[in-house]
There are 2 protein chains.
Amino acid sequence: MRPLNGERAGVVTLADVAAEAGVSLATASRALNGSSRRVGEDLRLRVAEVARRLNYAPNAQAQAMARGRSDVVGLLVHDIADPYFSSIAAGVMQAAEEHRLLVTLVSTQRRYGTEAEHIAMLRGQRGRAMILVGSRTRDRDATELLRQEIGTFTEAGGHVVAVSQRSFPVDTIVVENRAGARLLGHELTTLGYERFAVLAGPPELLTARDRLQGFRDGIARAGGGLLPAAVVTGPFTRDGGYAAMTELIARDLQPQCVFAVNDVMAVGAMAACRDHGIELPRDLAVAGFDDISTLRDITPGLTTVRLPLEQMGALAMDLVVTAEPGGSPRVRRVRGEVVVRASTPAR
Amino acid sequence: MRPLNGERAGVVTLADVAAEAGVSLATASRALNGSSRRVGEDLRLRVAEVARRLNYAPNAQAQAMARGRSDVVGLLVHDIADPYFSSIAAGVMQAAEEHRLLVTLVSTQRRYGTEAEHIAMLRGQRGRAMILVGSRTRDRDATELLRQEIGTFTEAGGHVVAVSQRSFPVDTIVVENRAGARLLGHELTTLGYERFAVLAGPPELLTARDRLQGFRDGIARAGGGLLPAAVVTGPFTRDGGYAAMTELIARDLQPQCVFAVNDVMAVGAMAACRDHGIELPRDLAVAGFDDISTLRDITPGLTTVRLPLEQMGALAMDLVVTAEPGGSPRVRRVRGEVVVRASTPAR
DNA sequence: TGTAGACCGGTAAGCGCTTTCCCGAAAGTG
DNA sequence: CACTTTCGGGAAAGCGCTTACCGGTCTACA
């Protein structure tokens with residue numbers, strides 16, 4: 001069914017609704033979209049009925065312009081296919097729905113240097129907030145660029161929430177990577193392990209570094225230690241874990257336990273072990289980090305540090321909606337919980 | 001650094017840039033954002049330099065209004081945390097970046113009835129297109145509502161691409177679920193299996209039904225057959241698979257092979273088997289569908305039907321950017337490829 | 001030298017809304 | 001009953017852009 005007054009083919013505007021209902025633009029606007037002013041009940045009903053009949057949906061862009069604020073929130077992740085990020089995104093989406101916000105997703109495809117550019121795109125959208133998930137790199141120039149972008153956005157009235165990094169003066173969800181990894185390291189030494197190796201992720205990612213450092217602390221405290229040359233770096237992905245494990249095997253260091261700094265890498269490492277005839281957990285123990293839900297059913301069950309990923313997403317959105325105009329940065333700490341499974345039996 | 005003419009605190013507009021550069025609005029606009037008209041090189045440089053210095057980012061909403069078209073594309077999925085959807089989303093995101101489009105994500109949280117409402121939200125954004133991923137339900141009323149929403153959107157000049165369903169006259173990526181499941185069923189009978197059970201997913205989802213039907217065909221053709229009462233329905237999730245498998249075990253039908261209509265359910269089923277002392281694949285063979293990449297390393301390796309999920313997402317975006325105004329609906333078929341792994345050894 | 005035409009800068013209309021202001025009518029008040 | 005409020009409707013300004021349209025310069029060509 002075509003709209004009745006078919007001027008610009010097909011697009012029903014508020015003006016169409018107003019005309020059809022025989023009221024002014026102002027009245028139609030007030031009747032349909034919550035306004036402080038009231039509209040007579042009869043007119044309100046008439047306008048609503050016309051709007052429904054014409055399938056009118058307000059042009060959110062025009063509303064945003066006129067109101068000076070919008071209902072979209074930008075969400076930036078490194079890789080939406082990675083369950084770590086998609087879980088957080090799920091939490092964000094859920095909270096977004098509750099608050100009737102729309103989420104614009106940007107994925108940097110793990111090209112960590114392009115974030116500033118992506119943020120600029122989000123800034124162009126004039127969303128009310130953005131949520132930046134994933135740790136930043138150590139690259140000074142890139143970080144400075146980011147800081148600049150974030151500053152411009154916040155000065156323009158936008159709100160920023162960072163998840164899993166602390167480099168910027170914005171609301172932040174701090175993941176206690178060090179503490180979690182330390183607990184894990186401690187737990188593993190308690191289980192009797194002494195000779196460890198680590199698949200450490202990309203050296204430029206702070207999350208990866210924190211987890212490595214925490215793990216070091218955890219095992220050192222118990223008198224354990226890393227084997228020399230037992231830290232292998234590589235991408236934060238399944239294939240990265242596979243490659244790093246393969247490299248580790250080639251070095252022939254005979255660790256008793258391998259800690260992969262995230263579950264996805266751990267799974268890759270486990271696959272590498274299988275392909276090299278290493279039987280798990282008999283020949284080698286493996287531990288990960290994150291407790292990705294889709295990976296909870298692998299065998300042997302992966303010992304890991306559980307992070308409440310969906311909650312973190314929801315929490316981020318919560319920080320967005322509870323933001324006060326001039327408020328100073330808030331910090332929410334999220335701690336991980338060690339989950340011991342079959343991949344690290346007591347020795 | 002605050003913008004120089006600090007009228008509306010912090011937000012740099014094109015007018016600010018124009019004023020600062022000493023040119024008109026029109027010239028500034030033409031200089032910064034590709035226009036058919038050219039601008040003298042000296043002015044162009046001056047404007048660009050000012051824009052950079054003031055950290056100007058064009059207001060995409062205003063641009064969209066003025067131009068009458070926008071660069072955002074809506075993406076609707078059932079559950080972004082599900083690797084099936086997040087993989088497709090990753091493909092979409094990648095293609096979006098190539099074409100410099102922004103993606104607004106909506107997740108229905110598997111409340112299949114709320115899609116029309118979500119689509120209306122996307123419609124309000126006046127994006128140039130939307131991509132609807134995931135099969136629709138059999139619910140007539142809901143489907144009719146959807147058809148209506150989609151119709152309104154397309155009449156208003158928006159483009160729609162559907163992935164994995166054929167209920168609407170729009171560009172569609174058809175996943176050959178039936179054919180894939182048929183091939184899988186055939187392959188399994190070839191491997192010597194005769195007594196099958198199926199964990200069938202939600203009966204209202206067309207994808208689930210198609211896979212069940214195809215599987216039936218595949219094994220029937222080879223003279224095999226489903227055990228009576230051997231089709232258990234349940235949610236399309238890991239827990240759904242777990243519950244369905246538990247139910248199946250309780251029925252004590254002694255199947256030789258269980259087909260879960262997606263990998264995520266298959267993993268849940270495998271967990272249920274372990275918890276009930278059923279050793280895989282010795283006591284029971286299991287097969288899935290999708291070939292989710294994060295699940296490729298589970299043991300025993302899961303026999304499944306591989307779907308090019310990321311490619312499907314990219315393809316969807318390709319249909320968006322190559323859309324012709326009055327073109328009739330295009331169909332792209334995507335076929336699955338059977339991947340036999342250790343979970344279904346030859347008998 | 002005269003003039004058509006390319007070139008390029010500016011002016012202003014308009015995209016679809018919200019919201020301020022104005023104004024007439026109804027309701028309250030002494 | 002005269003006067004002040006309150007109520008609710010409409011006209012119009014304006015959000016930040018793009019893009020006709022206009023007009024002044026400069027070049028090219030007869």
Side-chain angles (χ1 to χ4, degrees), chain A residues 3 5 7-47 51 54 56-72 123-128 156-157, chain B residues 3 5 7-47 51 54 56-72 123-128 156-157:
Chain A
N5 44 358
E7 19 177 69
R8 274 175 41 85
V11 201
V12 180
T13 73
L14 186 60
D16 297 332
V17 175
E20 178 75 8
V23 300
S24 77
L25 216 49
T27 302
S29 171
R30 292 197 268 250
L32 291 177
N33 318 22
S35 146
S36 53
R37 288 274 308 262
R38 265 191 332 178
V39 165
E41 190 60 8
D42 48 344
L43 282 192
R44 211 182 54 71
L45 286 177
R46 183 151 98 231
V47 172
L54 296 187
Y56 170 73
N59 182 329
Q61 321 226 37
Q63 287 187 314
M65 283 205 61
R67 289 176 174 157
R69 71 194 143 75
S70 96
D71 288 335
V72 338
R123 186 154 66 84
Q125 288 299 307
R126 296 294 189 273
R128 74 159 59 169
Chain B
N5 44 356
E7 21 178 69
R8 275 175 39 88
V11 200
V12 180
T13 71
L14 186 59
D16 297 332
V17 175
E20 178 76 8
V23 300
S24 76
L25 216 50
T27 303
S29 171
R30 293 197 266 252
L32 291 177
N33 316 22
S35 145
S36 52
R37 291 271 309 260
R38 266 191 331 180
V39 165
E41 190 61 8
D42 47 346
L43 281 191
R44 209 183 54 72
L45 286 177
R46 184 151 96 231
V47 172
L54 297 187
Y56 169 73
N59 181 330
Q61 321 224 39
Q63 286 186 315
M65 284 207 59
R67 289 175 173 157
R69 72 195 144 75
S70 98
D71 288 335
V72 339
R123 186 153 68 83
Q125 287 300 306
R126 297 293 190 274
R128 73 160 60 170

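Because only heavy atoms are used, hydrogens play no part in the values below, and waters and symmetry mates are left out as well, while side chains stay in. The sequence lines fix the lettering, A, B, ..., with proteins before strands; numbering per chain opens at 1. Since this is a predicted model, take the numbers as computed values, not measurements.
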(message) Listing request: all side-chain hydrogen bond (donor to acceptor under 3.5 Å, both in side chains) pairs with a residue in residues 38-47 of chain B, at least two apart in sequence or in separate chains.
(response) B:E41-B:R44
(request) Give a yes or no answer on whether the side chain of B:Q125 reaches the backbone of A:Q61 with a donor-acceptor pair at less than 3.5 Å. (result) no
(message) Looking at every non-hydrogen atom in both residues, tell me the closest pair between A:A28 and A:A18 and how far apart they are.
(response) CB-CB, 3.8 Å
(request) Please state how far atom CZ in B:R67 lies from atom P in D:dC15, giving the value in whole angstrom units. (result) 20 Å
(request) Might you point out which heavy atoms bring A:T13 and A:Y56 nearest each other, and give the distance in Å? (result) C-CE1, 3.6 Å
(message) Without decimals, in angstroms, what is the distance between A:R38 CZ and D:dG9 C1'?
(response) 14 Å
(message) Between A:V17 and A:V47, is the side-chain contact (heavy atoms from CB on, under 4.5 Å) condition met? List the steps.
(response) CA-CA 7 Å; A:V17 175; A:V47 172; 4.1 Å; yes
(message) Using heavy-atom distances to pick each residue's nearest nucleotide on DNA chain C, tell me which of B:D42 and B:A62 is more 5'.
(response) B:D42
(request) Starting at atom CD of A:Q61, determine the distance to atom C1' of D:dC17, rounded to an integer number of angstrom. (result) 12 Å
(request) Measure from the side chain of B:Y56, starting at C-beta and using heavy atoms only, and say which of C:dC17, D:dC17, D:dG10 lies closest. (result) D:dC17
(request) Write down the distance between CZ (B:R128) and C1' (C:dC15), rounded to a whole number of angstrom. (result) 17 Å
(request) With rounding to the nearest 0.5 Å, note down the distance linking CZ in A:R30 to CG in A:L25. (result) 10.0 Å
(request) Please report, rounded to the nearest Å, how far the P atom of C:dG16 is from the CZ atom of B:R69. (result) 15 Å
(message) Heavy-atom nearest nucleotide on DNA chain C for B:A28 versus A:A66: which residue maps closer to 5'?
(response) B:A28
(message) Taking side chain to side chain donor-acceptor pair (under 3.5 Å) as the definition, give me every residue that meets it alongside A:S29, ordered by chain and number, with sequence neighbours left out.
(response) none
(request) Select one nucleotide: of C:dG16, D:dG9, D:dG16, the one nearest the side-chain heavy atoms of A:V39. (result) D:dG9
(request) Tell me whether the OP1 or OP2 atom of C:dG16 has a side-chain N or O from A:T13 closer than 4.0 Å. (result) no
(message) To check you understand the geometry: which heavy-atom pair defines the closest contact between A:P58 and A:N33, and what is its length?
(response) CB-ND2, 4.0 Å
(request) Nearest 0.5 Å please: distance from the CG atom of A:L14 over to the CG atom of A:L54. (result) 11.0 Å
(message) In whole Å, I'd like the distance from the CE atom of B:M65 to the C1' atom of D:dG16.
(response) 9 Å
(request) Indicate whether OP1 or OP2 belonging to D:dG10 is found under 4.0 Å from a side-chain N or O atom of A:T27. (result) yes
What nitrogen or oxygen pairs link the protein and nucleotides 24-27 of chain C at under 3.5 Å?
none

Enumerate all atom pairs, one protein N or O and one N or O from nucleotides 20-23 of chain D, separated by less than 3.5 Å.
from	atom 1	to	atom 2	distance (Å)
D:dC21	N4	B:R37	NH1	3.2

(message) Can you identify which nucleotide, out of D:dT18, C:dC15, C:dG9, has its nearest atom closest to the B:L14 side chain?
(response) D:dT18
(request) Would you kindly give the CG-to-P distance between B:L25 and C:dG14, to the nearest whole Å? (result) 17 Å
(message) Show the nearest heavy-atom pair for residues B:D16 and B:V11, with the distance to one decimal.
(response) OD2-O, 3.4 Å
(request) Can you tell me the distance, in whole Å, between the CG atom of B:N59 and the P atom of C:dC17? (result) 16 Å
Contacts under 3.5 angstrom, residues 63-71 of chain B side chains, donor-acceptor by atom type, not counting sequence neighbours:
from	atom 1	to	atom 2	distance (Å)
B:S70	OG	B:V72	N	3.2
B:S70	OG	B:R126	O	3.3
B:D71	OD1	B:R128	NH2	2.9

(request) Note the angle between the end axes of the helix from C:dT1-D:dA30 to C:dG30-D:dC1, five pairs defining each, rounded to 10 degrees. (result) 40°
